[in-house]
Amino acid sequence: MSSQTSNEYEKYYVPEKSKLAVMATIGLMLSVFGAGSILNDMTFGEAEGGSSSWTIFLVGLFWFMATLFVWFRTAIRENMAGMNSVQLKRSYVLGMWWFIFSEVMFFAAFFGALFYLRTLVGPWLAGEGEGGRMNHLLWDNFSYSWPMMETPQEAVGGAASQPMANQGSFVSPHKSMAFKDATAWWAWLPLWNTIILLSSSVTVHFAHTALLKSNKSKFNLWLGISVALGIIFVGLQALEYYEAYAHYGLTLNSGIYGSTFFMLTGFHGFHVLMGMTMLLIQFLRSVFGGHFTAEDHFGFEASSWYWHFVDVVWVLLFLFVYIL
Amino acid sequence: MGAHHGPAKGLGRWLFTTNHKDIGTMYLWFSFAMFILGGAFAMIIRAELFQPGMQLVEPGFFNQMTTMHGLVMVFGAIMPAFVGLANWMIPMMIGAPDMALPRMNNWSFWILPPAFLILASTLLMEGGAPGFGWTFYAPLSTTYAPPSVTVFIFSIHVLGLSSIMGSINIIATVMNMRAPGMTYMKMPLFVWTWLITAFLLVAVMPVLAGCVTMMLMDIHFGTSFFSAAGGGDPVLFQHVFWFFGHPEVYIIILPAFGVVSQIIPAFSRKPLFGYDSMVYATASIAFLSFIVWAHHMYTVGMPVAGELYFMYATMLIAVPTGVKVFNWVSTMWRGAMSFETPMLFSLGFLVLFTIGGFTGLMLSIAPSDFQYHDSYFVVAHFHYVMVAGAVFSMTAAVYYWLPKWCGKMYNETMGKTHFWISFIGFNLTFFPQHFVGLAGMPRRIPDYALQFADFNMMSSVGAFIYGSSQILFLYNVIATIVSGKPTSEEKTWDGAEGLEWTVPTPAPYHTFETPPAVR
């Protein structure tokens with residue numbers, strides 16, 4: 001045996017065994033299987049399995065959520081029982097940072113796609129540049145602008161007009177969400193959403209500062225305001241989607257502008273929802289459980305990092321999806 | 001060291017375990033099972049190609065076989081095998097009590113088997129399994145895909161989740177759990193290569209998730225990411241896929257570099273030559289892997305400026321890779337070498353991987369690639385790096401650490417026999433494929449022109465030799481575990497270095513509950 005280090009070393013807590021992973025697996029696989037069946041029923045028309053697919057999906061999802069709840073509760077209780085050494089806490093911090101990095105890369109895929117489509121593919125489809133040498137033969141009359149208000153398919157006269165145009169059916173919107181299509185700056189929803197989300201980042205920071213000064217009532221107040229702002233943001237996003245579908249003709253089927261618009265804002269909105277849920281849980285923990293001290297508040301801190309990340313993504317969205 | 005908690009009894013030990021060694025063992029056995037499954041698919045491919053003409057299977061099923069073979073081998077066999085190795089060895093190499101996040105570690109493993117179960121179940125689905133190749137290019141995988149593509153997409157999501165969690169765990173372990181004194185530049189190279197691999201995984205698996213999500217939306221919700229009719233571009237798929245896919249090939253090969261960098265010094269009885277440059281070379285390869293992806297798609301109609309950029313950037317990779325090969329060779333220079341099975345497989349790796357590297361260099365030249373593209377030359381190239389690179393080094397690792405894992409010695413004669421049959425079988429399979437590829441035989445086809453018949457027959461014979469040699473491997477490993485000669489030497493190999501050789505043999509259930517001192 002090699003020589004041991006000094007005796008003041010704090011033991012790293014390794015849980016003996018745990019059912020959590022297997023339970024989470026069951027929930028995840030059920031919901032994945034259910035979701036796949038739902039989509040295939042929808043698209044490829046397997047009517048028989050229709051109702052059971054939803055049941056499997058929802059049971060799986062509930063199972064998964066319940067397991068995650070127990071999982072986090074276990075981790076929190078371990079920490080409060082003093083089982084987590086300083087070193088173990090650092091593992092959690094690293095885990096959260098690298099998780100956020102993976103989320104950054106997820107959004108990078110969609111932003112990368114957006115840049116590629118806007119700067120290269122669009123002009124090429126209109127026959128410009130080196131990449132577009134043959135495209136005027138395929139997509140005669142198509143001219144490129146962003147937001148794309150006429151798809152190549154429409155430019156050539158519909159899906160039946162030529163073989164390459166037959167993949168799907170794409171109907172352009174008559175109005176886009178971009179700033180240049182807004183009726184007035186104060187009536188432009190994305191601007192208000194930006195103000196709301198940026199303020200919520202500031203209020204989360206205020207909450208953190210209050211917590212560091214051990215001012216719990218102020219912490220609860222600012223955290224509560226942040227959650228409320230998050231809820232308002234999600235509500236306004238829902239309103240925007242309603243507007244898009246009901247009045248703008250802007251849908252997932254609107255060609256590449258609709259595709260990128262809904263995927264980027266949709267995934268961002270989903271992440272806002274997740275971040276808001278995380279903050280809400282920290283709020284409930286603090287108000288009803290009396291959790292968090294000035295020294296030990298990783299659950300809150302991790303949620304706030306996530307919240308700031310979601311905010312940064314929005315700024316990029318605001319710039320590249322709405323303004324430019 | 002205080003009371004040891006031994007493993008629990010029965011199935012619960014494996015289902016509920018948080019122990020890095022148990023989880024590593026499960027990863028290794030699972031990946032071997034997938035290796036056999038993927039190998040079975042390969043045998044069907046080679047049986048069909050034994051002679052020209054249509055013999056055994058329908059063309060559609062042949063396509064499903066090439067697709068499933070690739071997916072199972074990449075995501076099911078090679079990647080989990082190295083994750084298993086990381087689980088077993090990294091805590092022992094850096095003097096940590098376990099992985100940083102043990103429960104999540106168990107979860108990373110346990111979502112893998114069901115994900116592959118649903119992926120394999122697509123073979124029984126109406127419309128058949130995915131048949132669009134493991135690279136699943138749109139629109140073949142969107143507009144023209146069978147319904148099983150939905151299942152395929154979700155299983156890719158789950159595999160990605162597993163990889164991301166596993167990698168976050170490895171990064172947290174390496175950054176946070178090193179014993180006092182184990183500075184970054186003292187870490188064994190296997191730990192270094194895995195740290196960088198884990199970084200690559202966390203960076204690109206989400207991109208793959210985004211890629212398959214765009215597919216899902218195009219298929220089920222009418223978006224037009226990969227359809228020019230709606231203003232999208234099928235080539236966008238290839239860009240996003242290869243932005244994941246190119247780092248992915250280094251994800252597969254970097255841990256192999258790490259393994260070989262442990263084994264060659266041990267059997268040369270010399271420290272690794274140029275440790276620092278090995279670390280920097282690994283990091284350079286990882287960096288370059290992000291900016292060379294379009295060399296997989298030279299023939300897709302990119303502007304010439306793009307072709308040139310990706311050509312030169314790709315050629316740059318040969319520099320750090322060359323540094324590595326040079327260092328391995330220099331490590332052996334004037335060493336007191338011996339040639340036990342792990343060393344044989346490492347040397348096999350060195351020679352054959354270098355051949356695969358050189359054919360890679362040929363493929364990197366854009367104008368010549370127009371001839372090589374999607375030919376059997378490409379198949380030969382990547383099997384030289386995937387099989388002779390990753391799988392050979394993995395095999396070497398198993399022989400190298402097996403005595404430490406189970407406290408018993410494997411049969412050396414059988415191990416060496418395994419190596420020579422593998423080596424001959426492998427080269428017989430894949431070397432002729434260079435020639436048929438250069439002569440124009442395309443990949444992913446069930447039939448071929450008559451002039452390719454002889455070489456294809458050789459390939460098939462070689463494939464069956466290589467495939468059956470794995471049964472010998474399995475037998476040797478099981479025989480070792482069941483009735484191998486017990487050994488309790490801490491250091492199985494007299495030239496081996498590292499903390500894992502300071503713990504008792506077999507390695508106790510818990511090691512380094514208090515960290516060792518590293519000078």
Side-chain angles (χ1 to χ4, degrees), chain A residues 1-5 9 11-12 14-22 24-25 28-29 32-33 35-36 39-40 42-44 87 90-91 94-95 98-99 101-103 105-106 108-110 112-113 116-117 121-122 125 130-131 148 151-153 164-165 167-168 170 252-253 255-257 259 263, chain B residues 5 8 15-18 97-98 100-103 106-107 110-111 114 118 139 143 147 150-151 154 158 164 168 171-172 175-176 180 202-204 206-207 209-211 214 217 219-225 227-233 236 239-240 243 301 303-304 499 502 513-517:
Chain A
M1 210 58 241
S2 63
S3 58
Q4 302 296 312
T5 39
Y9 176 77
K11 197 170 176 330
Y12 195 91
V14 179
E16 264 309 304
K17 58 178 186 174
S18 163
K19 291 189 172 65
L20 289 166
V22 172
T25 304
L28 181 70
M29 295 320 292
V32 160
F33 181 78
L39 292 178
N40 273 3
M42 186 181 83
T43 307
F44 301 104
Q87 193 186 16
R90 219 156 47 219
S91 289
L94 284 166
W98 287 97
F99 169 64
F101 175 65
S102 79
E103 293 274 45
M105 292 309 291
F106 181 76
F110 287 95
Y116 176 73
L117 289 163
V121 174
L125 282 172
E130 243 188 301
M148 191 179 280
T151 61
Q153 188 182 52
M164 291 295 284
Q167 297 181 1
F170 308 109
L252 282 167
N253 302 303
I256 199 61
Y257 175 66
S259 306
M263 286 300 270
Chain B
H5 296 280
L15 284 173
F16 309 137
T17 186
T18 51
D98 205 297
L101 304 159
R103 277 181 297 236
N106 190 28
W107 196 33
W110 272 111
I111 57 178
I118 61 168
T143 313
T150 314
V151 178
F154 279 120
V158 175
I164 291 169
I168 288 177
I171 294 176
M175 291 180 78
N176 192 31
V202 181
V204 300
V207 175
C211 181
M214 288 184 226
M217 296 302 286
I219 293 168
H220 295 292
F221 296 99
T223 56
S224 57
F225 286 106
S227 166
D233 187 357
L236 169 65
H239 281 294
V240 182
F243 186 83
V304 172
L499 285 177
T502 65
E513 282 176 297
T514 44

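Only heavy atoms go into these numbers, but all of them, side chains included; no hydrogens, no water, no symmetry mates. Throughout, a chain's letter reflects where its sequence line sits, starting with A, and its residues are numbered from 1.
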Best-contacting candidate, N176(B), L101(B), T18(B), against chain A by heavy atom pairs under 4.5 angstrom: N176(B)
Engaged part of A108(A) at the chain B interface, taking heavy atoms whose separation is under 4.5 Å: neither
Contact class of L15(B) relative to chain A, heavy atoms under 4.5 angstrom: both
Minimum side-chain heavy-atom gap P516(B)-L499(B) below 4.5 Å: yes
V158(B), part contacting chain A, at a heavy-atom distance under 4.5 Å: side chain
Closest-packed option against chain A by number of heavy-atom pairs under 4.5 Å, given N106(B), V240(B), D233(B): D233(B)
F106(A) versus chain B, the contacting section by heavy-atom distance below 4.5 Å: both
Options K17(A), E103(A), M105(A), ranked by heavy-atom pairs under 4.5 Å with chain B, top entry: M105(A)
Largest heavy-atom contact set with chain B, pairs under 4.5 Å, which of P152(A), A24(A), G255(A): P152(A)
Closest heavy-atom pair and its distance - M263(A), M217(B): CE-CG, 3.2 Å
Nearest heavy atoms of T150(B) and F44(A), plus distance in Å: OG1-CE1, 4.3 Å
Smallest separation among heavy atoms of Y116(A) and L236(B), with atom names: CD2-CD1, 3.6 Å
Side-chain heavy atoms of T151(A) within contact of S224(B), under 4.5 Å: no
Proximal component of V304(B), with respect to chain A [non-hydrogen, under 4.5 Å]: both
Nearest non-hydrogen partners of I164(B) and V202(B), listed with the distance: O-CG2, 4.4 Å
Non-hydrogen side-chain atoms of M29(A) and F154(B) separated by less than 4.5 Å: no
CA sep, side-chain torsions, deciding dist, call: I171(B), L94(A), side chain to side chain contact (heavy atoms under 4.5 Å, CB included): CA-CA 8 Å; I171(B) 294 176; L94(A) 284 166; 5.6 Å; no
Pick from L39(A), V14(A), V22(A) with the largest number of heavy-atom pairs that fall under 4.5 Å of chain B: L39(A)
Choice from A229(B), P303(B), P206(B), G301(B) maximising heavy atom contacts with chain A below 4.5 Å: A229(B)
Greatest number of heavy atom pairs closer than 4.5 Å to chain B - which of S91(A), A35(A), A109(A), G36(A): S91(A)
Contact summary for G168(A) and Q153(A), nearest pair of heavy atoms: O-NE2, 2.7 Å
Portion of L252(A) that has a non-hydrogen atom of chain B nearer than 4.5 angstrom: both
Part of E130(A) within contact of chain B (heavy atom distance under 4.5 Å): side chain
Greatest number of heavy atom pairs closer than 4.5 Å to chain B - which of Y257(A), W98(A), F33(A): W98(A)
Test log, rule side chain to side chain contact (heavy atoms under 4.5 Å, CB included), inputs D98(B) and Y12(A): CA-CA 9 Å; D98(B) 205 297; Y12(A) 195 91; 6.0 Å; no
